[in-house]
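Beneath this line is the structure, given in structure tokens, with notes to follow.
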Amino acid sequence: QEQLVESGGGLVQAGASLRLSCSGSGRTSGGYDMAWFRQAPGKGREFVAGIARSGGSTYYADSVKGRFTISRDNAQNTVYLQMNKLKPEDTATYYCATGLVLERLRGGRGIDYWGQGTQVTVSS
């Protein structure tokens, strides 16, 4: 059983930066493609960014391209989301997720494990 624990959320002003971390406690985090999703109040969960298990491929939602960067450290079983130039519309609960096929993760499918989420609030 894989457990994912997110951290790094908080309350910041528009234009600030945050770095989210997602640590896997199981033995297989390095064997999964991983992704970040977010869910704003009253909205559905949406894909934010994904990274292949090798770290060689990454995908981003259009709304965060050029501002967010996903990376991973397989030795530490950790995936990161560096968020720069934050906007109020980035306010949401951010979740990490794992799956075996990154292209399916992008579509919100094939998710094997979810983290519990970390709140990001961006004030204007």
task = For residues Ser23 and Asn77, determine if any side-chain heavy atom of one lies less than 4.5 Å from a side-chain heavy atom of the other.
result = no

message = Can you give me the closest heavy-atom contact between Pro88 and Ser124, atom names plus distance?
response = CG-CB, 3.8 Å

query = So, do Leu100 and Arg53 sit near enough that their side-chain heavy atoms are less than 4.5 Å apart?
reply = yes

key: Full working for side chain to side chain contact (heavy atoms under 4.5 Å, CB included) between Val12 and Met83   = CA-CA 11 Å; Val12 297; Met83 306 186 295; over 6 Å; no

query = Hey, quick one: are Tyr95 and Leu86 part of the same hydrophobic cluster, counting side-chain heavy atoms closer than 4.5 Å, chains of contacts allowed?
reply = no

request  = Starting from the C-alpha separation in whole Å, work towards a yes-or-no answer on side chain to side chain contact (heavy atoms under 4.5 Å, CB included) for Trp36 and Glu6.
outcome  = CA-CA 10 Å; Trp36 287 95; Glu6 299 98 333; 3.7 Å; yes

ask   = So, does Tyr60 use its side chain to make a donor-acceptor pair with the main chain of Ile70 at under 3.5 Å?
value = yes

query = Roughly how far, to the nearest 0.5 Å, is CD of Gln39 from CD of Gln119?
reply = 10.5 Å

task = Can you see which heavy atom on Ala97 is nearest to which on Phe37, and at what distance?
result = CB-CE1, 4.0 Å

ask   = When hydrophobic residues are tied together by side-chain contacts of less than 4.5 Å, even through go-betweens, does Val48 share a cluster with Tyr80?
value = no

query = Is the shortest distance from a Lys or Arg side-chain nitrogen in Arg104 or Asp33 to a carboxylate oxygen in the other one below 4.0 Å?
reply = no

inquiry  = Is any side-chain heavy atom of Ile111 closer than 4.5 Å to one of Leu105?
reply    = yes

inquiry  = Assess the residue pair Thr91 and Arg38 against the criterion (side chain to side chain contact (heavy atoms under 4.5 Å, CB included)); give the C-alpha distance rounded to whole Å, side-chain angles, the decisive distance to 0.1 Å, and a yes or no.
reply    = CA-CA 9 Å; Thr91 295; Arg38 66 186 181 186; over 6 Å; no

Compile the donor-acceptor pairs under 3.5 Å between side chains in residues 14-22 and protein atoms, sequence neighbours left out, one pair per line.
| residue | atom | partner | partner atom | Å |
| --- | --- | --- | --- | --- |
| Ser17 | OG | Asn84 | OD1 | 2.9 |

ask   = ring pair (Phe, Tyr, Trp, His ring centres under 6.0 Å) with Tyr94: which residues, sequence neighbours excluded?
value = none

query = For the atom pair CE (Met34) and OG1 (Thr58), what is the distance rounded to the nearest 0.5 Å?
reply = 15.0 Å

inquiry  = Tell me whether Leu102 shares a hydrophobic cluster with Leu81, the cluster being built from Ile, Leu, Val, Met, Phe, Trp, Tyr side chains joined at under 4.5 Å.
reply    = no

task = Treat each ILVMFWY residue as a node, draw an edge where side-chain heavy atoms are under 4.5 Å apart, and state whether Ile51 and Phe47 are in one component.
result = no

request  = State yes or no: do Val101 and Val79 share one hydrophobic cluster built from I, L, V, M, F, W and Y residues joined by side-chain heavy-atom distances below 4.5 Å, directly or via other members?
outcome  = yes

query = Salt bridge or not for Asp90 and Lys87, using N-O below 4.0 Å?
reply = no

